[in-house]
**Student:** 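Pasting a structure here, questions to come.
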Amino acid sequence: VCSSDLVDFDGDEVYQLRVRDLTAGTELAERIERTYYGLAWAAHSRALLYVVTDAAYRPHEVRRHELGTAPEHDTLVYREDDERFELTVRATRSGSWLLIETASRDTTETLLIPAQDSRAAPFVAEKRRRGTEYYADHADGPGGGELYLVTNAGAAEFRLVRAPATAPGRAGWTEVIGPAEDTRLVRCDVFGRYLVVEQRRGAATQLRVVDRQTGEQRLIKAGGPERALDLAVNEEYGASAVTVRTESLTEPPSWHDVDLASGRWELRKRQDVPGYDPAAYVTERVSAPAADGTPIPVTVAYRRGLRRDGSAPALLYGYGAYEACSWPEFSVATPSLLDRGFVYAVAHVRGGGEGGRRWWTQGRLERKRTTFTDFIAAADSLAGEGWAAPDRIVSRGLSAGGLLQGAVFSLAPARWRAVVAEVPFVDVVTTMLDPSIPLTINEWDEWGDPRDPAMRACMRSYSPYDTVPDGPRPDLLVTGSLHDPRVLIHEPAKWVAKLRATDTGGSRVLFRPELGAGAHVGPAGRYDQLRYEAEILAFIVTAAGGPGAREATRRIRTIRAAEGTTLPDI
């Protein structure tokens, strides 16, 4: 019995694959270089499929490795030549099939290989069609069993269908769950007798349990939209209960087993945070009216007893791209802000996926500016409803959320006390004109192709590098990472240079480059991550002028001095 690990030495998300013999407790000699996310073992555990990247960091090939052989003898299973698409590979929970999935921003295709014969030629489940997506899982049964597919074919917010595994094309689809305008079906996980369908409704995650024998259905909910709910890692195909994970901005993660027949919950584990009392804090979901009247969900957290009198400093976080969801997430750093009187808020703006597929399309391509105006509307509402002092709101976001920060920095500089833009994608037009760098060609379906004059004008209208604001500006902290393959470090660096060169009001523009081992989301290592977060929060507290601002800065400098280091030059 063997397992595998992916090892990254500098944070560029290109991995070395290693194999471990679980029986002997030793690692095998082979090392496979330049691998990527996604791996599937054959049923006999003597071979595995893995993914490799091309020169632009695009996962484009699936290869087969036989244990005990040299990696240079590995065979090519599938190559994706369309540069808009990326590959991954996985095994179904049933253990019967290996799935090669290729996807662009709005189109997917899945190829199947029998797990018992990993050398067999893959066959296509349903041929790709532009704009059609599907995600498959397998249920054992006579004649090879069935595939369950969540698809947007004929359903804007997706539907669930089933088909014979050996002939899974659209002609053989039978509907299991039909489409609903207010419910986005995301994926289906098969557990023998039961299906667990992830869906989004009311800007919250729900899990729908379907009994395959009786058709009976029930919902698993987190208890409110201010709480996140996820299906945890569940490897057992025939399980009668599944483990789910819940958390909120003020509640550490908890893991419960949920009985699939009765719906009964049983607590298995709760993350221990020494000295922390969740009862001292409150989280809730509110909404903010967007410019077009659409209610924008905002999740807020604060210390119990906060006076909602419009005097509190606030930190507003946002992302808003790729149909990704910014569900409430607990951080041990958040209480340090709330204890200083801050309100912490997450704006679930369009461009993300909290409100379903339509939520994404309303903040994508030529409608991208909606993401930014939604975020500004959320800040205006926090101030207008007494949650925050109008002149003490700090905004923060990372990557595409860093683009969001750069855009609102330019669109509404007077709204922010300060802005934190982490590894921000800020030179939109220039980057998307260069197909030689990572994440350009396959991102045209998200941001647009600037070779089209109309789309180029749209992108330039919000690109932070091209829309530097006049007049006074809020303080700005920008981060970058030398080894980041997603937002190359020169992009935030040259934005900082341009802002400094054009500043006439004496605002602070700080740049924190990560020059050591670190990835897109910050430095490597738990303690380095904590130090990084402490530095970001010290900037936020100081900029907002909240209680403890000077103390926060003094503490971080004391810690650094004790280590023989200093705050990085910025």
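Heads up: numbering here begins at 1 and tracks the sequence.
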**Student:** Between W360 and E446, is the side-chain hydrogen bond (donor to acceptor under 3.5 Å, both in side chains) condition met? List the steps.
**Tutor:** CA-CA 10 Å; W360 176 47; E446 177 73 25; 3.2 Å; yes

**Student:** Is it true that the side chains of H65 and E30 contain a donor and an acceptor less than 3.5 Å apart?
**Tutor:**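 Indeed, the side chains of H65 and E30 share at least one donor-acceptor pair under 3.5 Å.
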
**Student:** Between Y302 and E284, does the side-chain hydrogen bond (donor to acceptor under 3.5 Å, both in side chains) criterion hold? Intermediate values first, please.
**Tutor:** CA-CA 9 Å; Y302 52 93; E284 58 185 280; 2.6 Å; yes

**Student:** Go through the steps to decide whether D230 and V244 satisfy the test side chain to side chain contact (heavy atoms under 4.5 Å, CB included), and finish with yes or no.
**Tutor:** CA-CA 6 Å; D230 295 294; V244 301; over 6 Å; no

**Student:** For the CG atom of L249 and the OG1 atom of T299, what is their distance to the nearest 0.5 Å?
**Tutor:**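 L249 atom CG to T299 atom OG1 measures 6.0 Å (nearest 0.5 Å).
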
**Student:** Give the C-alpha distance, both sets of side-chain angles, the deciding distance and a yes or no for side-chain hydrogen bond (donor to acceptor under 3.5 Å, both in side chains) between Y322 and E443.
**Tutor:** CA-CA 10 Å; Y322 305 114; E443 299 270 293; 2.4 Å; yes

**Student:** Would the distance check show the side chain of S262 and the main-chain N or O of R264 forming a donor-acceptor pair, the cut-off being under 3.5 Å?
**Tutor:** yes

**Student:** Quick one: sort the Y281 and Y276 rings into parallel, tilted or perpendicular, breaks at 30° and 60°.
**Tutor:** parallel

**Student:** So I177 and F158, do their side chains get closer than 4.5 Å, heavy atoms only?
**Tutor:**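 Side chain of F158 against side chain of I177, heavy atoms only: no contact under 4.5 Å found.
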
**Student:** Could you tell me if R212 sits above the aromatic ring of Y148, with its cationic atom closer than 6.0 Å to the ring centre and no more than 45 degrees from the axis?
**Tutor:** no

**Student:** Once you round to the nearest 0.5 Å, how far does CG of N442 lie from CG of D82?
**Tutor:**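 Spacing of CG (N442) from CG (D82) equals 10.0 Å.
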
**Student:** In plain terms, say whether E251 and R227 are close enough for a salt bridge, that is, a side-chain N and a carboxylate O under 4.0 Å apart.
**Tutor:**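 Salt bridge present between E251 and R227.
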
**Student:** Salt-bridge test for R187 and D137: reply yes if a basic N is under 4.0 Å from a carboxylate O, no otherwise.
**Tutor:** no

**Student:** Using the rule given for salt bridge (Lys or Arg N to Asp or Glu O under 4.0 Å), can you reason through D445 versus R364, listing the C-alpha separation, both sets of side-chain angles and the distance that settles it, and then say yes or no?
**Tutor:** CA-CA 9 Å; D445 289 332; R364 170 192 180 214; 5.1 Å; no

**Student:** Within the structure provided, determine whether I100 and V77 are in side-chain contact (heavy-atom separation under 4.5 Å).
**Tutor:**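 A side-chain contact under 4.5 Å exists here.
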
**Student:** For D257 and T243, does a side-chain donor sit closer than 3.5 Å to a side-chain acceptor?
**Tutor:** yes

**Student:** If we only count heavy atoms from C-beta on, is the T107 to T132 side-chain gap below 4.5 Å?
**Tutor:** no

**Student:** Any salt bridge linking E323 with R184? Criterion: basic side-chain nitrogen under 4.0 Å from a carboxylate oxygen.
**Tutor:**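 Looking at E323 and R184, the cut-off is met.
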
**Student:** Do D374 and T371 have a side chain donor and acceptor closer than 3.5 Å?
**Tutor:**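 Absent: no donor and acceptor within the cut-off.
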
**Student:** Under the rule for salt bridge (charged side-chain N to carboxylate O under 4.0 Å, His left out), what residues qualify as partners of D449, not counting sequence neighbours?
**Tutor:**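 Partners of D449 by the salt bridge (charged side-chain N to carboxylate O under 4.0 Å, His left out) criterion, ordered by chain and then number, come out as R451.
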
**Student:** Is there a side-chain contact between V209 and L195 in this structure, where contact means two heavy atoms from C-beta onward sitting under 4.5 Å apart?
**Tutor:**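 No, every pair of side-chain atoms sits at 4.5 Å or beyond.
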
**Student:** Pick one: which of I113, L49, T110 meets side-chain contact (heavy atoms from CB on, under 4.5 Å) with P122?
**Tutor:** I113

**Student:** Between R486 and D484, does any NZ, NE, NH1 or NH2 come within less than 4.0 Å of an OD or OE carboxylate oxygen?
**Tutor:**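 A salt bridge is absent here (no side-chain N lies under 4.0 Å from a carboxylate O).
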
**Student:** Rounded to the nearest 0.5 Å, what separation is found between the OG1 atom of T102 and the CZ atom of R79?
**Tutor:**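 Reported to 0.5 Å precision, the distance equals 13.0 Å.
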
**Student:** Take V52 and R63 through the side chain to side chain contact (heavy atoms under 4.5 Å, CB included) test and state the conclusion after the steps.
**Tutor:** CA-CA 8 Å; V52 298; R63 297 177 185 172; 3.7 Å; yes

**Student:** Taking the side chain as every heavy atom from C-beta outward, state whether R268 and H256 have any pair of such atoms under 4.5 Å apart.
**Tutor:** no

**Student:** Please check if any side-chain donor atom of D211 sits under 3.5 Å from a side-chain acceptor atom of Q217, or the reverse.
**Tutor:** no

**Student:** For H60 and T53, which I'm curious about, is there any donor-acceptor pair between the side chains at under 3.5 Å?
**Tutor:**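 No.
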
**Student:** Looking at E83 and R58, is there a salt bridge between them, counting it only when a charged N and a carboxylate O are closer than 4.0 Å?
**Tutor:**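 Looking at R58 and E83, the cut-off is not met.
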
**Student:** Could you measure the distance from the OH atom of Y135 to the CG atom of L149? Nearest 0.5 Å is fine.
**Tutor:** 11.0 Å

**Student:** Looking at R170 and E126, is any side-chain nitrogen of the basic one under 4.0 Å from a carboxylate oxygen of the acidic one?
**Tutor:** yes

**Student:** In the structure I gave you, are the side-chain heavy atoms of L229 and I220 within less than 4.5 Å of one another anywhere?
**Tutor:**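 They are in side-chain contact.
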
**Student:** Taking it one step at a time, do Y237 and D140 satisfy side-chain hydrogen bond (donor to acceptor under 3.5 Å, both in side chains)?
**Tutor:** CA-CA 10 Å; Y237 173 71; D140 277 336; 4.6 Å; no

**Student:** Counting distance only, does the side-chain N/O of R64 pair as donor-acceptor with the main-chain N or O of Y50 below 3.5 Å?
**Tutor:** no

**Student:** With a 4.5 Å limit on heavy-atom distance, are the side chains of L147 and L112 in contact?
**Tutor:**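 Yes, their side chains come closer than 4.5 Å.
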
**Student:** Regarding S395 and Q405, do their side chains bring together a donor and an acceptor under 3.5 Å, going by distance alone?
**Tutor:**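 Result is yes, a qualifying pair exists.
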
**Student:** Nearest 0.5 Å, what's the CZ-CD distance between F85 and E101?
**Tutor:**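 Here the interatomic distance stands at 13.0 Å.
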
**Student:** Are the side chain of E109 and the backbone N or O of R128 linked by a donor-acceptor pair below 3.5 Å?
**Tutor:**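 Here the side-chain-to-backbone pair exists.
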
**Student:** Can you list every side-chain hydrogen bond (donor to acceptor under 3.5 Å, both in side chains) pair that touches residues 149-159, not counting sequence neighbours?
**Tutor:**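 For residues 149-159: E157-R358, R159-E175.
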
**Student:** Could you walk me through whether R350 and D292 satisfy the salt bridge (Lys or Arg N to Asp or Glu O under 4.0 Å) test, starting with their C-alpha distance in whole Å, then the side-chain angles of each, then the deciding distance to 0.1 Å, before giving a yes or no?
**Tutor:** CA-CA 12 Å; R350 282 173 284 186; D292 61 3; 2.9 Å; yes

**Student:** Any Lys/Arg nitrogen of E366 or K368 sitting under 4.0 Å from an Asp/Glu carboxylate oxygen of the other?
**Tutor:** no

**Student:** Would you tell me whether S254 and R270 have side-chain atoms, one donor and one acceptor, within less than 3.5 Å of each other?
**Tutor:**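 There is such a pair between these side chains.
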
